[in-house]
Q: 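Quick one: this structure, given as structure tokens, is what I'll be asking you about.
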2 protein chains.
Amino acid sequence: MKKTIFLYGLALALLVLIMRMIEYRFLVRDLTLEFYVGTVAVFFTALGIWVGLRLTRKQVVVINSEFHFNEKEQSQRGISKRELEVLALMAQGLANQEIADKLFVSLNTVKTHSSNLFTKLEVSRRTQAIQKAKELSLIP
Amino acid sequence: MKKTIFLYGLALALLVLIMRMIEYRFLVRDLTLEFYVGTVAVFFTALGIWVGLRLTRKQVVVINSEFHFNEKEQSQRGISKRELEVLALMAQGLANQEIADKLFVSLNTVKTHSSNLFTKLEVSRRTQAIQKAKELSLIP
DNA sequence: TTCACACTCATACTTTCGGGTGAATTGAGT
DNA sequence: ACTCAATTCACCCGAAAGTATGAGTGTGAA
């Protein structure tokens, strides 16, 4: 946002310069007032559109891809960090053994985590866990 | 989009009117050229921002809510309707037995469908199938 | 220090999944 | 009538997933 304001100010400064140049030509070459104003109008319309896009781009990003982790659900259900890691990998379609390899723990450990996770999420299968976790914003 | 163009044209017409009025005042009350140009600049900046917002708003809506079923993928991979039904229920976190009950078929049938589905989706686990199906827009 | 808790792992057992094979039925198109 | 794809179901087997229980370790708080 600060960048936007800065760039906007810069554009304004630039405009003053251009204005002076046009004004000079206006006096010398006798261009019409309409042409002068038209140029300014086009320039500022473009500038405005650019600013408008800048302003909304962030919103677009926010709505589409940004993920807000739901800490309340995590603490209320007493879900630990390790369990969340298992959950995330689970959501990527990995098998328990693959998760175990990625986390450098044994298969049994992953089973324990996932089992506790299911209890805390009140589900009984990994597919349901993934669904519920998404609903609760525990994973993107 | 047509509306936007129309409104833009209307705004331009309005601008011409305003320009004439300002020009009149300019001649009569002896306003400076800078003030004149500044007004036009502000006006068009606002207009540009407005247009910019208009242009992006639609994108946001489209990206967020609409789901377009991908018929090409379905036919190219030779996925049948029944298999899609199984897939949909699978994505809801249901077990094979539960899917069998919902579709009034035997567990073995569901197994056959899901097995064929995995082959067609080039995956080996149901969690991966759900993921891939979403990527391919076969399910929302 | 003691206590709680997260993390780790193991063993044993049950259930669910997934692969492979084969087969009967049906409906649509040739 | 014949073919072909879709759908249905069965049986077997091994792998993966999930449940239950117990237990060792480390960390941070009381």
Side-chain angles (χ1 to χ4, degrees), chain A residues 69-136 138-139, chain B residues 69-136 138-139:
Chain A
F69 179 72
N70 192 340
E71 294 183 48
K72 292 174 193 169
E73 282 293 343
Q74 189 205 353
S75 56
Q76 278 178 12
R77 292 174 184 269
I79 298 170
S80 69
K81 308 141 225 160
R82 206 54 164 171
E83 285 164 351
L84 274 181
E85 290 184 75
V86 172
L87 178 62
L89 295 175
M90 205 183 278
Q92 286 170 30
L94 299 186
N96 284 340
Q97 185 59 64
E98 293 172 322
I99 297 173
D101 293 341
K102 282 219 172 191
L103 297 180
F104 299 106
V105 295
S106 81
L107 173 61
N108 290 308
T109 305
V110 175
K111 281 187 176 186
T112 304
H113 286 319
S114 60
S115 198
N116 292 332
L117 207 45
F118 297 158
T119 305
K120 289 169 183 174
L121 290 177
E122 299 168 274
V123 297
S124 53
R125 273 179 294 283
R126 53 174 54 233
T127 45
Q128 293 179 330
I130 294 167
Q131 271 213 150
K132 189 133 190 182
K134 285 185 178 176
E135 285 174 20
L136 301 177
L138 293 172
I139 51 175
Chain B
F69 179 71
N70 193 339
E71 294 183 50
K72 293 174 192 168
E73 282 293 343
Q74 190 204 352
S75 57
Q76 278 179 11
R77 291 173 184 270
I79 298 171
S80 69
K81 309 141 223 160
R82 206 56 163 170
E83 284 164 351
L84 274 182
E85 290 185 74
V86 172
L87 178 61
L89 295 174
M90 204 184 278
Q92 285 171 30
L94 299 186
N96 285 341
Q97 184 60 65
E98 293 171 323
I99 297 172
D101 294 341
K102 281 219 171 193
L103 297 180
F104 299 105
V105 296
S106 81
L107 173 61
N108 290 308
T109 304
V110 176
K111 281 187 175 187
T112 304
H113 286 320
S114 60
S115 195
N116 293 332
L117 207 44
F118 296 156
T119 304
K120 289 168 182 174
L121 290 176
E122 298 169 274
V123 296
S124 53
R125 275 181 292 282
R126 52 175 54 231
T127 45
Q128 293 178 331
I130 294 166
Q131 272 211 149
K132 189 133 191 181
K134 285 186 179 177
E135 284 174 20
L136 301 178
L138 294 173
I139 51 175

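Per chain, numbering begins at 1; letters A, B, ... match sequence-line order.
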Q: Quick one: what's the B/S/- string for nucleotides 24-30 of chain C, heavy-atom cutoff under 4.0 Å, read 5' to 3'?
A: -------
Q: If you measure only the distance, is there a donor-acceptor pair under 3.5 Å linking the side chains of B:D101 and B:Q97?
A: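 Side-chain D/A pair, B:D101 to B:Q97: present.
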Q: How many whole angstroms separate atom CG of A:D101 from atom P of C:dC9?
A: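 So the two atoms are 12 Å apart, to the nearest Å.
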Q: If you define the side chain from C-beta out and look only at heavy atoms, does anything of B:K111 sit under 4.5 Å from B:N96?
A: yes
Q: Which ones in residues 86-97 of chain A lie close to DNA chain D, meaning a heavy atom under 4.0 Å from one of its atoms?
A: A:A95, A:N96
Q: Are the side chains of B:L121 and B:L138 in contact, using a 4.5 Å heavy-atom criterion?
A: yes
Q: Under 4.5 Å between any side-chain heavy atoms of B:R126 and A:R125, yes or no?
A: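 With C-beta onward as the side chain, the pair stays apart.
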Q: Between A:A91 and A:I139, which heavy-atom pair has the shortest distance, and what is it?
A: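 Looking at all heavy atoms of both residues, the shortest contact is CB-CD1, 3.6 Å.
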Q: CD of B:E98 versus C1' of C:dT15: gap in Å, rounded?
A: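 Going from CD in B:E98 over to C1' in C:dT15 covers 13 Å.
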Q: Nearest 0.5 Å please: distance from the NZ atom of A:K134 over to the CG atom of A:L136.
A: 12.5 Å
Q: Is there side-chain contact between B:M90 and A:T127, with heavy atoms separated by less than 4.5 Å?
A: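 No. Closest side-chain heavy atoms not under 4.5 Å.
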Q: B:F118 and B:A129: which non-hydrogen atoms are nearest, and at how many Å?
A: CE2-CB, 3.6 Å
Q: What's the separation between atom CD in A:E98 and atom CD in A:Q92, rounded to the nearest 0.5 Å?
A: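 The CD atom of A:E98 sits 10.5 Å away from the CD atom of A:Q92.
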Q: Which heavy-atom pair separates B:L117 from B:L87 by the least distance, and what is that distance?
A: CD2-CB, 3.6 Å
Q: Throw together a table of side-chain donor-acceptor distances under 3.5 angstrom for residues 77-84 of chain A, partners on residues two or more places apart or in other chains.
A:
| from | atom 1 | to | atom 2 | distance (Å) |
| --- | --- | --- | --- | --- |
| A:R77 | NE | A:E73 | OE1 | 2.7 |
| A:R77 | NH1 | A:K120 | O | 3.0 |
| A:R77 | NH1 | A:E122 | OE1 | 3.1 |
| A:S80 | OG | A:E83 | N | 3.4 |
| A:S80 | OG | A:E83 | OE1 | 3.3 |
| A:R82 | NH1 | A:E85 | OE1 | 3.4 |
| A:R82 | NH1 | A:E85 | OE2 | 3.1 |
| A:R82 | NH2 | A:L103 | O | 3.2 |
| A:E83 | OE1 | A:S80 | N | 2.9 |
| A:E83 | OE1 | A:K120 | NZ | 2.9 |
| A:E83 | OE2 | A:K120 | NZ | 2.9 |

Q: Detail all sub-3.5 Å separations between protein N/O atoms and N/O atoms belonging to nucleotides 7-11 of chain D.
A:
| from | atom 1 | to | atom 2 | distance (Å) |
| --- | --- | --- | --- | --- |
| D:dT7 | OP1 | B:R82 | N | 3.4 |
| D:dT7 | OP2 | B:S80 | OG | 2.3 |
| D:dT8 | OP1 | B:R82 | NE | 3.0 |
| D:dT8 | OP1 | B:R82 | NH2 | 2.8 |
| D:dT8 | OP2 | B:R82 | NE | 3.0 |
| D:dT8 | OP2 | B:H113 | NE2 | 2.8 |
| D:dC9 | OP2 | B:S106 | N | 2.6 |
| D:dC9 | OP2 | B:T109 | OG1 | 3.0 |
| D:dC9 | O5' | B:T109 | OG1 | 3.4 |
| D:dC9 | N4 | B:T112 | OG1 | 3.2 |
| D:dA10 | OP2 | B:N108 | ND2 | 3.3 |

Q: Give DNA chain C the dot-bracket treatment, 5' to 3': Watson-Crick (N1-N3 with N6-O4 or O6-N4) or G-U (N1-O2, O6-N3) under 3.5 Å, [ ] crossing, | other strand.
A: ||||||||||||||||||||||||||||||
Q: Any non-hydrogen side-chain atom of A:L89 less than 4.5 Å from a side-chain atom of A:V110?
A: no
Q: Would you kindly give the CZ-to-P distance between B:F118 and C:dC17, to the nearest whole Å?
A: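 In whole Å, C:dC17 P lies 9 Å from B:F118 CZ.
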Q: Which parts of residues 120-136 of chain A get close to DNA chain D, meaning a heavy atom less than 4.0 angstrom away?
A: A:S124, A:R125, A:R126
